[in-house]
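What you see is a predicted model; the values in this text were computed from it and never measured.
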Amino acid sequence: MMRLLKIELKKVMPNRAFRVLAIMYIVAMVIVSMGVMPFFQFLKAKFTEFGADGVDPTIIPFYEFPDIWQNLTSVMIYFKLLLGFSLIFSITNEYSYRTIRQNVIDGLTKNEFIWSKIIMAGFLSAASTIALFFLGLITGFIYSSEISFSLVFSDVYFLVGFALQLFAFLLFTLFVGSLIRKSIIAMGVLIFWVMAVENGFWIWSRAKHHEWVEYLLPVKSINSLIHTPFPKYAFQEVQDYFTWHEFGLVVFWGALFYWATTRLVLKRDL
């Protein structure tokens, strides 16, 4: 496993597109993890300038333990496209420059080739989760009004859900990249599917009261594991836990895209 990961890292690190997308993702993570409270403070100052002294966004406990874990993960998952694009560049470049053929000639089997991509997806998911954990600890310790072991770690399982969501989505992007093999087209298809197709079906299903349609939409199903927590700050009820069927859907879609990508690469001529 480590050998395949080292091979993959040696391939992607010199790639400028991969580095740019990775840096953009890191910047987004830092902004989400540390920039919300300064933004709230900026809004408070603006409201004060306009005479609305009673409006104080800083009272929203975005960084309070244990709310911080659901808050951070529910926001960061929307930046997953950046990592998805980086994996699409990784696998489509293999086909464009025919390095996949050279890898096989040099002794790397097709199965090892696709596993190197899957391991890379797992590495990116794990690295993102670990980084988000430490950033959450830092900002939580800074802004939380009450700190105790039970508060800090009571909802940390949302990070596990985040890692699973991200890994399943990256498997989806590997499938799209393996299927289309042209980076720009693959990214366009991914954006169109996520933004237009799935959202279109989701809106239609809500209008027709066919909620089961959401289970047939892979990205919507993956995203549904961690629910948006922010309505609770407007005194609305929100789901702050995982259900077994939501967890199972993420596992199902991840396993399906793993199987489909593996079959696609193994059966295709190089």
Side-chain angles (χ1 to χ4, degrees), residues 21 25 28-29 32 69-88 90-91 114 117-133 155-180 186-206 210-230 238-264:
L21 288 166
Y25 183 80
M29 183 178 292
V32 170
W69 303 123
Q70 187 176 7
N71 293 344
L72 289 181
T73 53
S74 65
V75 174
M76 270 310 303
I77 199 63
Y78 288 102
F79 293 92
K80 63 185 178 297
L81 274 174
L82 294 173
L83 290 185
F85 289 158
S86 69
L87 276 188
I88 283 178
S90 171
I91 197 162
I114 193 57
K117 303 299 180 184
I118 293 170
I119 291 170
M120 186 63 181
F123 171 77
L124 292 175
S125 302
S128 300
T129 304
I130 293 170
L132 197 61
F133 171 70
D155 284 357
V156 77
Y157 60 85
F158 278 107
L159 290 169
V160 178
F162 173 77
L164 181 62
Q165 278 184 302
L166 188 55
F167 182 58
F169 178 76
L170 292 180
L171 290 178
F172 173 54
T173 61
L174 281 179
F175 170 71
V176 173
S178 300
L179 181 65
I180 298 176
M187 288 190 295
V189 168
L190 182 62
I191 294 173
F192 179 74
W193 177 266
V194 173
M195 301 298 182
V197 176
E198 291 213 2
N199 283 332
F201 274 112
W202 184 82
I203 293 171
W204 174 84
S205 68
R206 286 295 183 268
H210 298 322
E211 284 77 10
W212 55 269
V213 172
E214 185 174 341
Y215 301 145
L216 305 179
L217 306 174
V219 179
K220 286 291 184 185
S221 296
I222 292 169
N223 286 348
S224 68
L225 183 61
I226 298 177
H227 291 249
T228 302
F230 306 116
V238 298
Q239 181 176 315
D240 56 357
Y241 56 88
F242 301 154
T243 64
W244 283 110
H245 82 271
E246 290 169 343
F247 191 86
L249 276 172
V250 179
V251 173
F252 167 77
W253 284 114
L256 179 63
F257 290 126
Y258 158 74
W259 174 84
T261 304
T262 302
R263 296 293 296 176
L264 192 62

Inset, instruction - Walk me through it: do Met120 and Leu87 pass the test side chain to side chain contact (heavy atoms under 4.5 Å, CB included)? - result: CA-CA 8 Å; Met120 186 63 181; Leu87 276 188; 4.1 Å; yes
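- For the pair Val189 and Ile180, the minimum side-chain heavy-atom distance is below 4.5 Å.
- For Leu179, the side chain to side chain contact (heavy atoms under 4.5 Å, CB included) partners at least two apart in sequence or on another chain are Phe175, Leu264.
- In this structure, Phe192 places its CZ atom where only 12 or fewer heavy-atom neighbours from other residues, nucleotides or ligands lie under 6.0 Å away.
- Scanning for salt bridge (charged side-chain N to carboxylate O under 4.0 Å, His left out) contacts around Lys80 gives an empty result, with sequence neighbours left out.
- What you find for Ala28 and Met76 is that their closest heavy atoms are O-SD, 4.0 Å.
- Rounding to the nearest 0.5 Å places CD1 of Ile77 at 9.0 Å from CG of Leu225.
- Among residues two or more places apart in sequence or in another chain, the side chain to side chain contact (heavy atoms under 4.5 Å, CB included) test is passed with Thr262 by Asn111, Ile114, Ile118, Tyr258, Leu266.
- Shown here are the ring pair (Phe, Tyr, Trp, His ring centres under 6.0 Å) partners of Phe247, two or more places apart in sequence or in another chain: there are none.
- A distance of 5.0 Å separates CG of Leu132 from CG of Leu72, quoted to the nearest 0.5 Å.
- Remark: Tyr215 engages His245 in a ring pair (Phe, Tyr, Trp, His ring centres under 6.0 Å) (not counting sequence neighbours).
- The ring pair (Phe, Tyr, Trp, His ring centres under 6.0 Å) check on Phe201 picks up nothing, with sequence neighbours excluded.
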Inset, instruction - Could you walk me through whether Tyr25 and Ser128 pass side chain to side chain contact (heavy atoms under 4.5 Å, CB included), step by step? - result: CA-CA 9 Å; Tyr25 183 80; Ser128 300; 3.3 Å; yes
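- For Trp259, there are no side chain to side chain donor-acceptor pair (under 3.5 Å) partners, not counting sequence neighbours.
- One finds the CD1 atom of Ile119 at 12.0 Å from the CG atom of Leu124 (value rounded to the nearest 0.5 Å).
- Checked against side chain to side chain donor-acceptor pair (under 3.5 Å), Glu246 has the following partners two or more places apart in sequence or in another chain: His227, Gln239, Thr243.
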Legend entry - side chain to side chain contact (heavy atoms under 4.5 Å, CB included) evaluation trace for Phe79 with Val75: CA-CA 8 Å; Phe79 293 92; Val75 174; 4.3 Å; yes
Inset, instruction - Take Phe230 and Asn71 through the side chain to side chain contact (heavy atoms under 4.5 Å, CB included) test and state the conclusion after the steps. - result: CA-CA 8 Å; Phe230 306 116; Asn71 293 344; 3.8 Å; yes
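- At a threshold of 4.5 Å between non-hydrogen side-chain atoms, the residues Phe252 and Ser221 do not count as touching.
- Of all heavy-atom pairs spanning Ala186 and Gly177, the tightest one is CB-CA, 4.4 Å.
- For Phe133, the ring pair (Phe, Tyr, Trp, His ring centres under 6.0 Å) test picks out Trp69, with sequence neighbours left out.
- Partners of Ser90 according to the side chain to side chain donor-acceptor pair (under 3.5 Å) rule, which considers only residues two or more places apart in sequence or in another chain, are Glu8, Lys117.
- Scored by the side chain to side chain donor-acceptor pair (under 3.5 Å) test, Asn199 finds Lys220 as partners (sequence neighbours excluded).
- Distance check: Met195 CE to Leu190 CG gives 8.5 Å after rounding to the nearest 0.5 Å.
- With a 4.5 Å cut-off on side-chain heavy atoms, Ser74 and Phe158 do not count as touching.
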Could you tabulate the donor-acceptor pairs under 3.5 Å formed by side-chain atoms of residues 159-173, not counting sequence neighbours?
{"from": "Gln165", "atom 1": "NE2", "to": "Ile222", "atom 2": "O", "distance (Å)": "2.7"}
{"from": "Gln165", "atom 1": "NE2", "to": "Asn223", "atom 2": "O", "distance (Å)": "3.2"}
{"from": "Thr173", "atom 1": "OG1", "to": "Leu170", "atom 2": "O", "distance (Å)": "2.7"}

